[in-house]
There are 2 protein chains.
Amino acid sequence: MRPQKIEEQEMLNGFAKLFKEKGYEGTSLAELAVVTGLKKASLYHRFPKGKEEMAKAVLLSINEWVEKHVFNTLTNPSLSPEERLKNGLQSIQKLYDDGNTPCLLQAFSVQSGIEVFHQLINDSMSDWVDAFTNIGLAFDLSQSAAKEKATQVLIAIQGSLIVSRGFNNPNIFINSLTNIEAMYTQE
Amino acid sequence: MRPQKIEEQEMLNGFAKLFKEKGYEGTSLAELAVVTGLKKASLYHRFPKGKEEMAKAVLLSINEWVEKHVFNTLTNPSLSPEERLKNGLQSIQKLYDDGNTPCLLQAFSVQSGIEVFHQLINDSMSDWVDAFTNIGLAFDLSQSAAKEKATQVLIAIQGSLIVSRGFNNPNIFINSLTNIEAMYTQE
DNA sequence: AATATTTTACCGAACGTTCGGTTAATAAAA
DNA sequence: TTTTATTAACCGAACGTTCGGTAAAATATT
């Protein structure tokens, strides 16, 4: 069996960069091909269902990373709530490259018109809220208060990414992460 | 002189709907034509520089609406700070159709690659921060505290629009507006 | 060890479609 | 008649996708 020129995960990383910056419709197969070093036709050998399959694979790949590095940290029972929160936020900071990289959920929630994406976005956001609800409970909040605060956290993350990008100032995102930590430790 | 089939403002309203939902690249000239009732070629009579001019016109049109209905209200010296804030937030709620309509700045900040847009987005966001900084000063905050809070407000608006859309639940946006009011009146 | 077969990875070229944009002619009011 | 608004027809380029065939490694046969 002939060896692959590039491994799947490497392809997905390249895809992710494009999709995050340019959205689904804004990213062309020509660009997706260039970023992998393969030709357009070869992409269809790897992803027979085409562009939509590539995008879905990127979404799932990022979801896995988040599951592993963010959610697992936030809910790690062997750490104190303070440590879980701090480490989880650090992973989030890394996920968005210190505020320099847009969120794929945002990029895909605009346009694309593809229905499956809406469901994946909805599910993914639910996971975020669940993870932060868990942290809220660890800080002795009531179930409803924990969920309310978790929603505020998701809003702060998403909003600060937007505003950071608008002002071209990643510090706005970084500051928001600090504020989020304070929302739990100082209230 | 032959009369126009549709007035400019009506066209812009139709354009806005499309651009907000589908983004810049995601919206085709064919769709822009359908929504106006004109043919593609006619769009070029009205907007000789094409799609980019149409998009820019929509941005400016919305900026004008916001200037008039949101910023002027927030800074209206003949009202109390509480009333200015309340009325301004009501206009914002209307602007985003109770959380059912995405923000054009978001839709255009993804993809598009057109440099002029970045500047317009940056300028527009600056106006938002300035307006809410003004309200913060009216609530006796220091300049820096007012600006800091204004940034938080913009983040909350943008973030809650994203999350509302993700969960297909406009109430999240409505609640955020309520929280924003409380940020000034209860602190 | 050498050869033939199979399997997988890749790619050049073209597909039909849609993109944003243009041109030349028509329709309608002043 | 002049001026403006509209449009049918058209354009080159790019889109996502498909297909026939090649390149290269693994396996089976001699």
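What you see is a predicted model; the values in this text were computed from it and never measured. Labels below follow one simple rule: chain letters A, B, ... track the order of the sequence lines, proteins then strands, and each chain is numbered from 1.
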inquiry  = Can you confirm whether A/N168 is buried at CG, in the sense that more than 12 heavy atoms of other residues, nucleotides or ligands lie under 6.0 Å from that atom?
reply    = no
note = Closest to the 5' end of DNA chain C, once B/P3 and B/E52 are matched to their nearest nucleotides, is B/E52
task = Please answer whether the main-chain N or O of A/K17 pairs with a side-chain N or O of A/K22 as donor and acceptor at a distance below 3.5 Å.
result =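 Not a single qualifying donor-acceptor pair exists.
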query = Do A/S91 side-chain atoms and A/H69 backbone N/O form a donor-acceptor pair below 3.5 Å?
reply =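 Here the side-chain-to-backbone pair exists.
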To the nearest Å, give me how far apart [atom1] ([X]) and [atom2] ([N]) are.
X	N	atom1	atom2	value
B/K39	C/dA25	NZ	C1'	16 Å
B/L43	C/dG21	CG	P	11 Å
A/L32	C/dC11	CG	P	15 Å
B/Y44	C/dT23	OH	C1'	14 Å
B/L29	C/dG20	CG	P	4 Å

task = Answer yes or no: does a side-chain N or O of A/H45 lie under 4.0 Å from OP1 or OP2 of C/dA9?
result = yes
request  = State whether a side-chain donor-acceptor pair under 3.5 Å links B/Q106 with B/Q158.
outcome  = yes
Side-chain donor-acceptor contact under 3.5 Å, B/S124 with B/N63 = yes
ask   = Taking NZ, NE, NH1 and NH2 as the nitrogens, is one of them in A/R165 or A/E21 under 4.0 Å from a carboxylate oxygen of the other?
value = yes
Could you tell me whether [X] contacts a base, only the sugar-phosphate backbone, or nothing, with contacts defined as non-hydrogen atoms closer than 4.0 Å?
X	result
B/T27	sugar-phosphate
B/S42	base
A/K40	base

note = chain A reaches DNA chain D, atoms under 4.0 Å from its heavy atoms, from D/dC15 to D/dA26
